Amino acid sequence: MHYESTRGGLKSVLSAEAIKQGIAPDGGLFVPEKKVKFSMDEIKSFAGMNYRERAVHILKPYLTDYSDEEIKDCVYSAYTEEKFGHPGIAPLYRLNENVNILELWHGPTCAFKDMALQILPHFLVKAVRKTGESSEIVILVATSGDTGKAALEGFKDVDGTRIIVFFPENGVSLVQKMQMVTQEGKNVYSIGVEGNFDDAQNGVKAIFTDDALKIKMEANRFRFSSANSINWGRLVPQIVYYFSAYADMINNGEIQAGDKINIVVPTGNFGNILAAFYAMEMGLPVNRLICASNDNNVLTDFINTGVYDRNREFKRTISPSMDILISSNLERLLFELTDHDSTYIVKWMNQLKNDGRYTVDPDIHKKISNIFWSDFSTEVETLKTIEAIYKEYKYVIDTHTAVGVDVYDKYVISTGDMTKTVIASTASPFKFNASVVKAILGEDALKDRNEFELLDILSKECSLTIPEGLKDLDKRTVKHKIVCSSSDMKQQVEKLLGI
Ligand SMILES: *Cc1c(COP(=O)(O)O)cnc(C)c1O
């Protein structure tokens with residue numbers, strides 16, 4: 001498979017090259033040149049496979065420059081029962097007759113980012129070897145909280161790589177921050193940025209496209225790559241679990257091969273839901289993709305009107321991993337829906353950069369409306385949803401998942417559609433425990449307690465075990481203490497690399 005840039009400045013690199021570069025040199029995102037299609041027989045055959053076997057089968061057509069052995073090696077190193085604490089890796093929880101919750105948070109850092117970031121370092125190390133690269137790879141990450149930890153954990157002590165993570169100093173939960181600043185490993189750095197996620201992301205993008213810095217890096221035998229969801233190597237493993245969920249539903253007798261399902265995804269950077277879109281393009285029978293936003297509802301407005309407008313107040317919410325106003329991966333969707341016409345993409349992305357907004361053509365908006373449905377969940381609604389689901393089912397969901405569940409309820413009320421539905425559950429409730437405890441036990445339960453004490457409260461109330469990755473976080477040594485402004489990020493990188 002060859003990949004091209006959404007901005008049209010680069011054609012036909014192989015997957016190893018696309019994964020190594022992360023972002024295309026023209027500032028665009030890599031997209032596969034051709035469509036991959038699975039027959040219904042193939043999709044049905046996934047029912048007889050375990051998660052790893054499904055992953056190998058689905059990844060193959062996208063990574064044609066990797067041998068079968070190499071793909072197997074990546075998959076079997078990443079998706080172990082030991083790391084994911086569950087034989088299903090991404091198991092379904094049947095909430096009721098119509099709804100299955102796809103639990104994507106059984107990995108080591110308790111959020112769905114592990115599904116991709118446990119395997120990306122394996123893809124990358126092989127990509128480096130394949131492309132004859134001799135420089136050390138420097139992974140730069142901007143994170144709204146969960147990606148950073150998952151990337152640090154995935155890349156720690158991986159030979160030939162270093163990783164630098166930038167997180168909004170005051171925009172992540174205490175648990176998320178402690179996860180990052182206590183990270184162990186000889187090649188890892190995490191840095192707090194004064195500002196929000198968009199500031200951190202823009203800072204990283206500016207570093208990636210800084211030509212003078214690139215020359216300096218090359219001279220010192222370093223090369224940047226990205227572990228953000230703009231890297232194709234992060235997106236492609238996310239396609240797997242949508243097919244896997246479908247196969248599990250066949251096995252559970254809930255659907256027959258060929259039946260359509262709805263997929264609901266709580267969305268921030270548009271990565272996870274884009275993977276569902278690719279699965280649909282590949283032949284997964286999907287009725288609607290439901291895009292769930294929080295109060296930062298720029299995507300809801302876009303899907304409903306065709307106008308993308310980031311000129312609005314940035315809100316800090318209880319689902320912070322979705323607090324994003326510039327959803328990078330939307331660029332890939334638009335490229336697909338314009339049949340790979342980069343002139344549109346360049347125009348819209350320039351308008352976004354200069355005016356903070358763009359309007360897609362009516363025919364493109366029509367395509368979007370036929371595939372996607374979108375709404376958002378307010379803070380109060382999100383908390384109410386956690387409480388209601390716990391009361392009715394004794395099942396505990398985190399704030400991000402609750403956004404998905406609430407928007408799904410709105411979808412059913414608005415459309416009456418009773419198609420069987422999969423809701424992506426993107427984090428363990430322990431990861432955002434303060435809001436979850438507040439929703440279930442009331443505001444008083446938070447009084448004089450920090451997030452670490454609340455882990456115990458939640459565990460006792462709901463008879464759930466605290467995940468290994470979150471236990472005793474407050475007792476670990478803080479190893480990373482740097483905080484900088486977004487304009488200072490480049491200097492910090494140079495300093496850490498000694499260039
Ligand atoms: C990253 C994240 C999201 C948003 O996913 P995108 O791929 O950026 O849309 C939602 N929930 C949680 C818990 C996350 O960590």
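As the structure lists them, so they are numbered: ligands from 1, and atoms in each ligand from 1. These values consider heavy atoms only, across backbone and side chains, with no hydrogens, waters or symmetry-generated copies. For clarity, every value in this text was computed on a predicted model and none was experimentally measured.
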May I ask you to decide whether [X] forms a salt bridge with [Y], counting only side-chain N to carboxylate O separations under 4.0 Å?
| X | Y | result |
| --- | --- | --- |
| Arg54 | Asp248 | yes |
| Arg476 | Asp472 | no |
| Glu387 | Lys384 | no |

Fill in: Point-to-point distance, once rounded to the nearest 0.5 Å, from OH of Tyr246 to CG of Leu92
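If I round to the nearest 0.5 Å, the distance is 13.0 Å.
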
Practice prompt. Assign the ring pair Trp373 / Tyr411 to parallel, tilted or perpendicular, where the plane angle (0 to 90°) is split at 30° and 60°.
Written response: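 Perpendicular.
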
Practice prompt. Could you pull out all residues at least two apart from Lys260 that satisfy salt bridge (charged side-chain N to carboxylate O under 4.0 Å, His left out)?
Written response: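 For Lys260, no residue satisfies salt bridge (charged side-chain N to carboxylate O under 4.0 Å, His left out) once neighbours in sequence are set aside.
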
I'd like the atom pairs linking ligand 1 to the protein - N or O on both sides, separation under 3.5 Å - with distances to 0.1 Å.
unit_1: ligand 1; atom_1: 7 (O); unit_2: Gly271; atom_2: N; d: 3.2
unit_1: ligand 1; atom_1: 7 (O); unit_2: Asn272; atom_2: N; d: 2.9
unit_1: ligand 1; atom_1: 8 (O); unit_2: Asn269; atom_2: N; d: 2.8
unit_1: ligand 1; atom_1: 9 (O); unit_2: Gly268; atom_2: N; d: 2.8
unit_1: ligand 1; atom_1: 9 (O); unit_2: Asn269; atom_2: N; d: 3.2
unit_1: ligand 1; atom_1: 9 (O); unit_2: Phe270; atom_2: N; d: 3.2
unit_1: ligand 1; atom_1: 11 (N); unit_2: Thr426; atom_2: OG1; d: 2.8
unit_1: ligand 1; atom_1: 15 (O); unit_2: Lys113; atom_2: NZ; d: 2.6
unit_1: ligand 1; atom_1: 15 (O); unit_2: Asp146; atom_2: OD2; d: 2.5

